[in-house]
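Just below is one structure, and these are the notes that go with it.
The shown structure was predicted, so the numbers you read here are calculated from the model rather than taken from an experiment. Computed from heavy atoms alone, side chains included, the values below leave out hydrogens, waters and symmetry copies. Just follow the structure's listing: the first ligand is 1, and inside any ligand the first atom is 1.
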Amino acid sequence: MRIVADENIPLLNAFFADQGEIATYPGREIGREHLMQADALLVRSVTKVDAALLAGTPVRFVGTCTIGTDHLDLAGLAAAGIQVASAPGCNARGVVEYVLSCLLTLAERTGVAWRTRCVGIIGVGEVGGRLAATLTALGVDCLLCDPPRAQRGESGFVSLDALLAQADVITCHVPLNKQGPHATQHLLSAERLAKLAPGTWLINSSRGPVVDNQALASLLPQRPDLQVALDVWEQEPQVDLALAQLCALATPHIAGYSLDGKLRGTEQIYQAFCAHFQQSAALKLDDLAPASGLAHLAVDEQTEAVWALARALRLVYDVRDDDARFRAALQGLPQKQIPQAFDQLRKHYPLRRECSHLQLGWLGDKAPPAEWAAAGFSCQRG
Ligand SMILES: NC(=O)c1ccc[n+]([C@@H]2O[C@H](COP(=O)([O-])OP(=O)(O)OC[C@H]3O[C@@H](n4cnc5c(N)ncnc54)[C@H](O)[C@@H]3O)[C@@H](O)[C@H]2O)c1
Ligand SMILES: O=C(O)[C@H](O)[C@H](O)COP(=O)(O)O
């Protein structure tokens, strides 16, 4: 068995060394010449894979250790008889923590309490669904928009235009679909952006082209009331630095970059690979993942639950650090050098664990506040 893989897949060797010979390359550089003897191709989001790339190669299995699949030509690969697997939900919790951190930061900067804002979630799947559950547990009002789910007869959704008119915060969690009845490319078009209510906070951590970046760059100089956080960019790894400058928060596509999320992605693809090649999936992430590096925060009955949660989140993840690194690395660079700097920020991303690695030590006599567990924090006495 020969496996070709993106060099940025963590625990690749730990999971796949027993399965065959592994050759790794930078994800953006994987080409047909690397695949002429490969049985399986393992990628992340930066490798574009279509039937033409694999034509004439023995590759019969493609696994992407990511949630998004817009870099894969799913229809073409299916027609060519190639099995494709992705890692649904693997880093969804990381994205939720990124959005929560954006809310805390924008609240601090504008002086508007984040818990009083109505959050409009566009796309209510793995990420949007978990975000809605977490925010609701914290007492925040949410509006949900997901026409594909509404069309399947599920209730609780509003139309996109109703959401845009009513929400104070808009956060996008849709896949990038260029065609079809629910296409999402430029879902936030120039026309819709122009209608954003005064003081709206807009967060995009889905895919860059979901928001018309050119229209946003033209709008923002006339609308200093809008607060925009962009994690994804229309021409990635190229970034429009003028747009980044106008954003309140700018990061290099790292919303889901917790180590936990990346490792779950590798494990999910290992399982799919083993199922496809009829091998037993004997390895478990719990046995291979590095120790948790648990952080502690002690709280007592006098501490307001939501204040403690905000402190706890800051201990685990602070989007301001990613924003500062992004600006320091990219500002002033000639355009030609931006893609490489963008990729370097992602390749050398600092260790980040999820909130499940933070223990809230409860010093009170009564039961700890229910919001904590509901918001995804583990809470123990003492
Ligand atoms: N920035 C990051 O680091 C990062 C990390 C993870 C995922 N993502 C992106 O976020 C996207 C969403 O992730 P997910 O795990 O929630 O995916 P998901 O497939 O579980 O959920 C997507 C939801 O969007 C809905 N949807 C589709 N078209 C829509 C439309 N036109 N309007 C509104 N809703 C629509 C779907 O019905 C679905 O419920 C991924 O496809 C990926 O592109 C980014
Ligand atoms: O779709 C996803 O899972 C995310 O966008 C993922 O974090 C992308 O990371 P990459 O594959 O570019 O390393």
Shortest non-hydrogen pair, H182 vs Q151, comes out as NE2-OE1, 3.2 Å

Ligand-side contact atoms (ligand 1) for residue partner A255, heavy atom cut-off under 4.0 Å: 1 (N), 2 (C), 3 (O)

Are side-chain N/O atoms of Q185 and Q179 paired as donor and acceptor at under 3.5 Å? no

L176, portion touching ligand 1 at heavy-atom distance under 4.0 Å: neither

among protein heavy atoms, the one nearest atom 16 (O) of ligand 1 is V127 N, 2.8 Å

Which heavy atom of the protein is the closest neighbour of atom 41 (O) of ligand 1, given with residue, atom name and distance? P175 CA, 3.3 Å

Of the listed options G68, A255, A92, G27, closest to atom 1 (O) of ligand 2 (non-hydrogen atoms): G68

Hey, what do you get for CG (D231) to CZ (R207), rounding to the nearest 0.5 Å? 9.5 Å

Give the atom numbers and elements of ligand 2 that come within less than 4.0 Å of a heavy atom of T66. 1 (O), 2 (C), 3 (O), 11 (O)

Is it true that R314 and E108 have a side-chain N and a carboxylate O under 4.0 angstrom from each other? yes

Taking 4.0 angstrom as the limit and counting only heavy atoms of R207, give me the atoms of ligand 2 inside it, by number and element. 1 (O), 2 (C), 5 (O)

Have a look at P181, G125, P88 and point out the one with the heavy atom closest to atom 21 (O) of ligand 1. G125

Of the backbone atoms (N, CA, C, O) and the side-chain heavy atoms from C-beta on, which set of T184 has a member under 4.0 Å from an atom of ligand 1: side chain, backbone, both, or neither? side chain

Judging by distance only, is a nitrogen or oxygen of R152 under 3.5 angstrom from one on ligand 1? no

Gap separating the CD atom of E97 from the CZ atom of R353, nearest 0.5 angstrom: 11.5 Å

Residue, atom name and distance, where the atom is the protein heavy atom closest to atom 42 (C) of ligand 1: R207 NH1, 3.6 Å

Give the atom numbers and elements of ligand 2 that come within less than 4.0 Å of a heavy atom of H253. 4 (C), 5 (O), 8 (C)

If you count the atoms of ligand 2 from 1 in the order shown, which ones are under 4.0 Å from a heavy atom of N91? 2 (C), 3 (O), 4 (C), 6 (C), 7 (O)

If you scan protein heavy atoms around atom 4 (C) of ligand 1, the nearest is S205 O, 3.6 Å

Per-atom contacts, ligand 1 versus G256 - under 4.0 Å to a heavy atom: 2 (C), 3 (O)

Using a 4.0 Å cutoff against the non-hydrogen atoms of C145, which atoms of ligand 1 qualify? 33 (C), 34 (N)

Would you kindly specify which portion of E236 sits under 4.0 Å from ligand 2, judged on non-hydrogen atoms: side chain, backbone, both or neither? neither

Who's the nearest protein heavy-atom neighbour of atom 12 (C) of ligand 1, and how far? H173 O, 3.3 Å

Residue-level breakdown please: for K262 versus ligand 2, do any non-hydrogen atoms fall below 4.0 Å on the side chain, on the backbone, on both, or on neither? neither

Going by the 4.0 angstrom heavy-atom rule, the piece of D146 near ligand 1 is both

Atom 35 (C) of ligand 1 has as its nearest protein heavy atom V174 CG1, 3.5 Å

Can you tell me how far the OH atom of Y25 sits from the CG atom of L41, to the nearest 0.5 Å? 11.0 Å

Residue pair Y98 / D322, side-chain donor-acceptor N/O under 3.5 Å: no

Less than 4.0 angstrom from a charged side-chain N to a carboxylate O is my criterion; do D141 and R117 meet it? no

Should F273 and I3 count as side-chain neighbours, where that means a heavy-atom distance under 4.5 Å? yes

re atom 2 (C) of ligand 2, the protein heavy-atom contact at minimum distance is I67 N, 3.5 Å

among protein heavy atoms, the one nearest atom 11 (O) of ligand 2 is S45 N, 2.7 Å

Starting from atom 26 (N) of ligand 1, which protein heavy atom do you reach first, and at what distance in Å? P148 CG, 3.8 Å

May I ask you to identify the nearest protein heavy atom to atom 13 (O) of ligand 2, giving residue, atom name and distance to one decimal place in Å? Y257 OH, 2.5 Å

Report the part of I254 (side chain from C-beta onward, or backbone N, CA, C, O) that has a heavy atom under 4.0 Å from ligand 2; answer both or neither where that applies. neither

Please step through side chain to side chain donor-acceptor pair (under 3.5 Å) for the pair H186 and E234, ending with a clear verdict. CA-CA 10 Å; H186 289 189; E234 199 160 353; 2.6 Å; yes

Would you compute the distance between atom CH2 of W201 and atom OG1 of T105 and round it to the nearest 0.5 angstrom? 9.5 Å

Side-chain donor/acceptor of S159 to backbone N/O of A162, under 3.5 Å: yes

Can R264 and E354 be counted as an ion pair, charged N to O under 4.0 angstrom? yes

For atom 20 (O) of ligand 1, what's the nearest protein heavy atom and its distance? E126 N, 2.8 Å

Run the side chain to side chain contact (heavy atoms under 4.5 Å, CB included) test against S86 and tell me which residues pass, sequence neighbours left out. T64, T69, P88

Looking at R320 and D318, is any side-chain nitrogen of the basic one under 4.0 Å from a carboxylate oxygen of the acidic one? yes

Relative to the heavy atoms of H253, which atoms of ligand 1 are at a distance of less than 4.0 Å? 1 (N), 2 (C), 3 (O)

Could you walk me through whether T251 and H253 pass side chain to side chain donor-acceptor pair (under 3.5 Å), step by step? CA-CA 6 Å; T251 48; H253 193 156; over 6 Å; no

